[in-house]
Amino acid sequence: MDMKRVASRTLFFLAICVVVGIISKVFGQVNSLVGVAIVVIALMMLQRDLSVSPLWNTGTLILFTCMLGVGSYLALIDPFLGIFVNIAVVFTTVFLTVHDLNSPLHFPFILGYAFMLSVPVTAEELPMRILALVVGSIATVVLNVLLNRNSMKRTSHNAVVSMCKAIEEGAEKVLAGEEVSSGNLERLCSDLNSKVYDRLRDRVFASHRDSHIVDLMASLMNLGRTVFERERDPEVLSGIRSLMTDLRRHEDGETSLEDVLASIEGFLSANKGADFGIISSVRAIGSELKAISSETPGTASPAGAPAAPKLSTLFKENFRRDSVRFTFAVRMSFMFTLWVFVWQYWELENAKWLLYTTAAIVQPYVEGTWMKSGMRVAGTLVGTAIFGVIVLACGGDPGILALVLMVVSYIYTLVDPKRYDLMMGFITLTALLAASAADPAGDIVVERILYILGGVLAATLANMTILPYRLRDESVELGRRYLKVSSRQMDGLRELAETGKCQTDDTYLVMTAGAIASKMQVNDGREPDRPFGKFISSQNALTAECSLLSNSLSEAGEACRAKVGAVLGSRKDGGVPDMEGLDESEKEIVVRTANVVSMYRENRMMLADAAIDLPD
């Protein structure tokens, strides 16, 4: 485990605990659980870099938390009014926090809403609760910014170094006659693109540097793919290995940029007959290194990326049966509202345990196998058992339970478990500790656990019956979006070929493609037969090839661009046109364009086969 990461997150945890103490002291005991809710939200939002547009993020977080505070007050005025308020608040929260490509952030917010319902305030106390939420939201963003202020620089540095090392080692294996997969390169590139995607504000890059880093990674992936799959010349492979060593040393601060650029020029001069993909990639690497070194901090975002859709457009496009946002928001809001009504109307205090279990167990997806369902139940039961031990050990003291809750949240953030049963164990334990801290008095632990198990059963049935949405459904939708990205890349190439200019920002498309691929890879890893693996790999190759062609086409002659435009204009027909009058490098561009069109058609068929689960 990275000790720097442990140290930084530990300091963050201690700082946020100080904020909780201040909130409890200044805003009263009735708002102490608001402080605990802020801790859970802050820790689980560490996966998001809020240092980009901090004022926007602060305002958004304040609006969210204040909506929860006001909603919890209105919902408790009358059980029937509560039906409408709870549906509106929970639906909106889940709908907006289930990000299209990243992991959902609904849990800490829904948990915080349950906190505030469990510890109600009077009309006179409501302003202090809202003020506590505002202060906590500001503290969350400030501490997140302090922790993540250099995160992108560290991430990009580590990604470039890892990519260079992977190409270096791969070239050595190719020299030894071994076969090398480009899967690791794809993963590294997708991970970085996903990080950059998360830094978007209104679908525009945070800085030009982010865009150049994405292009650098795409060029490295193209280089590595060509080396692994096509290049077998020992002299070229040795040159690539040496070049990657120099680039890696430059990233580590051991070699100057001038030395690396000199190595690039030396390689290009000594290997003029190398694969055109290698030559183009090496040239692009040099160009991006120069661009990154000349980047001025704070430079405005580049033009060309489309604007983010309006909120109304977001709702309109996702209010449909095949949307994970819509189906999950309906499922969660229905179950949450049901248990709140039962709790209020019949005055069944223990119904709130069903409420907390719902927050933990209702999921965006129905897993495709019984094994996953079994892991979910196993994780829930383990979390429940640990909760029972903790409650018996501390005697139900609310202060101790709140402290244990914060520590468990800290451990969860630090460990970041990927195994599904471990993750569910942490989430269940967090929800139950929260419920117990909010309501320390009541029946014995055994009775509460029976309510919890009833909630597990009800939530599991809800996942399977209330607008069930499967991972495969989302993967198909993501695959369609990935193909649309490739289509837009080819439209941009055609525009560039015909006019010499292109209004579409190819770097933005590469970054979006990487984020989609990253999410698809996560989904595909949960399927036993990994049905979309070949499609993802082939799409990654197509995206990278389109990006490299864009750089090559910018330097091509008019005759070459005309033939490229003809190939892209007859996308359904394909084929290579007559290439009379072109030099060897321009012929290579036209052939590669035809290959891009062919890959696109094959990938469409591949997605169709995976979508309907055709046998091999």
Side-chain angles (χ1 to χ4, degrees), residues 1-6 8 47 49 148 150-175 178-199 209-229 231 237 239-255 257 259-260 263-264 267 277-278 281-282 284-286 288-289 291-293 416 418 507 510-511 513-522 525 536-537 540-541 543-544 547-548:
M1 185 178 292
D2 185 355
M3 295 309 297
K4 288 185 178 179
R5 180 171 178 266
V6 173
S8 62
Q47 60 185 295
D49 183 359
N148 289 307
N150 293 317
S151 64
M152 186 58 200
K153 187 174 182 180
R154 293 193 302 269
T155 299
S156 59
H157 165 78
N158 293 336
V160 171
V161 169
S162 298
M163 184 75 86
C164 291
K165 189 174 182 180
I167 296 174
E168 188 179 341
E169 293 174 350
E172 188 172 347
K173 290 181 179 179
V174 173
L175 277 170
E178 302 178 30
E179 290 189 4
V180 184
S181 169
S182 58
N184 188 41
L185 298 179
E186 294 175 9
R187 180 186 60 78
L188 291 169
C189 198
S190 292
D191 287 349
L192 178 72
N193 289 342
S194 184
K195 290 284 187 182
V196 177
Y197 183 93
D198 209 26
R199 288 167 57 83
R209 187 181 189 280
D210 287 353
S211 111
H212 291 308
I213 287 293
V214 170
D215 285 345
L216 176 60
M217 289 292 286
S219 300
L220 285 168
M221 189 173 81
N222 276 309
L223 175 63
R225 187 186 297 278
T226 307
V227 167
F228 297 169
E229 296 178 358
E231 187 57 66
L237 291 170
I240 290 294
R241 187 172 57 178
S242 177
L243 185 59
M244 290 299 100
T245 300
D246 291 342
L247 180 53
R248 183 158 53 85
R249 291 180 62 200
H250 167 64
E251 281 292 317
D252 288 333
E254 300 173 6
T255 303
L257 175 62
D259 289 340
V260 176
S263 296
I264 289 175
F267 174 86
I278 289 179
S281 297
V282 171
I285 289 169
E288 297 305 331
L289 288 174
I292 292 170
S293 67
D416 190 20
K418 302 301 182 185
T507 307
V510 170
M511 176 204 61
I516 293 173
S518 181
K519 175 60 174 169
M520 287 193 74
Q521 285 165 347
V522 171
I536 297 168
S537 181
N540 288 343
T543 300
S547 179
L548 190 59

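Atom NE2 of His250 is separated from atom OG of Ser293 by 7.5 Å, given to the nearest 0.5 angstrom. We find the CZ-CG distance between Phe267 and Asp246 to be 12.0 Å, quoted to the nearest 0.5 Å. The structure places CD1 of Ile264 at 5.5 Å from CG of Leu289, a figure rounded to the nearest 0.5 Å. Here the straight-line distance linking atom CG of Asp259 with atom CG of Leu247 works out to 12.5 Å at 0.5 Å rounding. Of the inter-residue distances, the one linking Thr226 atom OG1 with Ile278 atom CD1 reads 6.0 Å to the nearest 0.5 angstrom. The CG atom of Leu223 sits 4.5 Å away from the CD1 atom of Ile167 when rounded to the nearest 0.5 Å.
Here the shortest heavy-atom pairing between Cys164 and Met244 reads O-CB, 3.6 Å. Residues Met163 and Leu220 approach most closely at CG-CB, 3.5 Å, considering heavy atoms. What you find for Ala544 and Met221 is that their closest heavy atoms are CB-CE, 3.5 Å.
Checked options Val180, Ile240, Asn222; the residue passing with Val227 is Ile240 (criterion: side-chain contact (heavy atoms from CB on, under 4.5 Å)). When each of Arg248, Arg241, Lys173 is tested with Glu168 by the rule salt bridge (Lys or Arg N to Asp or Glu O under 4.0 Å), just one qualifies, namely Arg248.
By the 4.0 Å N-to-carboxylate-O rule, Glu254 lies close enough to Arg249 to be salt-bridged with it.
Take Glu251 and apply the side chain to side chain donor-acceptor pair (under 3.5 Å) test, not counting sequence neighbours, and it matches His157.
Two residues are said to be in side-chain contact when any heavy atoms from C-beta on lie closer than 4.5 Å; Asn540 and Arg225 meet this criterion.
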